[in-house]
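Fair warning: this is a prediction, and the values are worked out from it, not measured in the lab. Index from 1, following the sequence.
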Amino acid sequence: VPFGIWRPVRLVASGQVRVDDVYVKPDLNSDRSAEVHVEVTLQNHDAESRTVSVPITLAGKNFSGPTHSGQILATIAPGKQTLKTAIPIKDPQLWWPWDLGKPNLYMAELRVEADGQIHDRSETTFGIRQIQMAWNPGFSKDEVSFPRTVKLNGKTHFIRSACWGG
């Protein structure tokens, strides 16, 4: 029986403070602007607290448009810590399914900087969209079996299943 590496392997180099996880949650506001909430979980492998700067850049991945940025400044104790910030976007390019528009995607890029050095970096892709459940207009709960409909970015959208031929 042969032994050895048989699946992909990757080697990651970082400083004492590294990115453990990044979570991006966009919220679409009623005035059609957006607020992109970014949560970054950092792990400090040093025995002492470190003061870090985390610059964050949001840019179009599959479209061209303005770049948006934010920054987190914090002192990280040894171990894991989650930092949060929100970056406003005045006129976001919304994500749409193929049949309603363009599937615009953003790229969030961030770096962890401390003591004049870059300790780690990360990037993640996301789309800005709003999905809601709403009552079907003109029907009550008693009149139909499924009185709700899906709204995508404020527009009613019929969800097709895998067997849908349209």
Side-chain angles (χ1 to χ4, degrees), residues 8 10 12-15 17-45 50-77 79-114 117-137 139 146-162 164 166:
R10 67 183 191 138
V12 178
S14 69
V17 181
R18 70 175 205 77
V19 177
D20 186 62
D21 189 33
V22 177
Y23 177 66
V24 178
K25 181 185 178 286
D27 282 333
L28 194 59
N29 300 322
S30 59
D31 65 354
R32 300 315 246 174
S33 66
E35 196 155 0
V36 178
H37 300 273
V38 181
E39 292 183 16
V40 182
T41 303
L42 299 179
Q43 178 142 14
N44 182 0
H45 292 282
R50 302 288 293 256
T51 300
V52 298
S53 170
V54 184
I56 303 166
T57 304
L58 308 178
K61 182 175 180 177
N62 61 353
F63 67 93
S64 59
T67 300
H68 307 277
S69 60
Q71 186 170 13
I72 303 172
L73 299 171
T75 300
I76 307 295
K80 285 187 182 181
Q81 186 173 341
T82 301
L83 307 175
K84 300 177 184 181
T85 190
I87 301 171
I89 299 179
K90 187 175 181 179
D91 188 24
Q93 299 295 313
L94 300 181
W95 176 92
W96 293 95
W98 66 271
D99 58 344
L100 291 181
K102 295 180 181 178
N104 295 314
L105 294 173
Y106 284 84
M107 175 69 74
E109 297 177 340
L110 61 93
R111 295 184 314 273
V112 179
E113 300 172 352
Q117 297 179 338
I118 297 175
H119 283 247
D120 202 3
R121 61 182 73 225
S122 182
E123 59 183 34
T124 187
T125 302
F126 68 98
I128 298 177
R129 84 292 185 258
Q130 181 182 55
I131 299 173
Q132 298 172 304
M133 293 296 293
W135 291 106
N136 280 322
F139 295 100
F146 302 102
R148 293 185 174 263
T149 190
V150 173
K151 289 190 165 233
L152 177 62
N153 298 332
K155 294 186 179 188
T156 302
H157 184 65
F158 178 70
I159 300 293
R160 297 177 293 270
S161 67
W164 178 258

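Proximity of Glu35 to His37: side-chain heavy atoms (C-beta onward) are separated by under 4.5 Å at one or more points. Counting heavy atoms from C-beta outward, Thr156 and Val150 have side chains that stay 4.5 Å or more apart. Two residues are said to be in side-chain contact when any heavy atoms from C-beta on lie closer than 4.5 Å; Gln71 and Val54 fail this criterion. Side-chain contact between Arg32 and Asn153 is present, with heavy atoms from C-beta onward closer than 4.5 Å. Annotation: side chain of Val17 is not in contact with side chain of Asp120 (no heavy-atom distance under 4.5 Å). Side chains of Thr85 and Leu83 form no contact here, defined as non-hydrogen atoms less than 4.5 Å apart. Using a 4.5 Å heavy-atom threshold, the side chains of Leu100 and Lys155 count as separate.
Summarising the geometry, atom NE2 belonging to His68 is positioned 11.0 Å from atom NZ belonging to Lys90; distances are rounded to the nearest 0.5 Å. Considering NZ of Lys61 and CE of Met107, their distance stands at 4.0 Å, rounded to 0.5 Å. From Asp27, atom CG reaches atom CD1 of Ile89 across 11.5 Å, with rounding to the nearest 0.5 Å. Remark: Leu42 CG to Lys80 NZ distance equals 11.0 Å, nearest 0.5 Å. Rounding to the nearest 0.5 Å places OG of Ser53 at 8.0 Å from CZ of Arg111.
Taking all atoms of both residues into account, the shortest heavy-atom contact from Thr149 to His157 is OG1-O, 4.3 Å. Contact detail for Leu58 and Ala108: the closest heavy-atom pair is CD2-CB, 3.6 Å. Pairing each heavy atom of Ile87 with each of Gly70, the nearest pair is CD1-N, 3.8 Å. Between Ala77 and Asn44, the shortest heavy-atom distance links the atoms O-CB, 3.3 Å. Contact detail for Arg50 and Ala114: the closest heavy-atom pair is NH2-CB, 4.5 Å. Residues Phe126 and Pro26 come closest through the heavy atom pair CD1-CG, 4.2 Å.
In this structure, the side chain of Asp20 does not engage the main chain of Thr41 through any donor-acceptor pair within 3.5 Å. Side-chain atoms of Asn29 do not come within 3.5 Å of backbone N or O of Asp31 as any donor-acceptor pair. Here the side chain of Asn62 pairs a donor or acceptor atom with the backbone of Pro103 at under 3.5 angstrom. Side-chain atoms of Asn104 never come within 3.5 Å of backbone atoms of Gly60 as a donor-acceptor pair (strictly under, hydrogens ignored).
Taking the salt bridge (Lys or Arg N to Asp or Glu O under 4.0 Å) definition, one finds that Asp21 meets it with nothing, sequence neighbours left out. Residues that satisfy the ring-ring contact (aromatic ring centres under 6.0 Å, His included) test with Tyr23, not counting sequence neighbours, are absent from this structure.
Atom CG of Asp91 is surrounded by 12 or fewer heavy atoms from other residues, nucleotides or ligands within 6.0 Å. With a 6.0 Å radius and a threshold of 12 heavy atoms from other residues, nucleotides or ligands, Arg129 has its CZ atom at or below the threshold.
Side-chain N/O atoms of Thr57 and Ser69 include no donor and acceptor closer than 3.5 Å.
Classified by interplanar angle (parallel below 30°, tilted 30° to 60°, perpendicular above 60°), the ring pair Phe63/Tyr106 is perpendicular.
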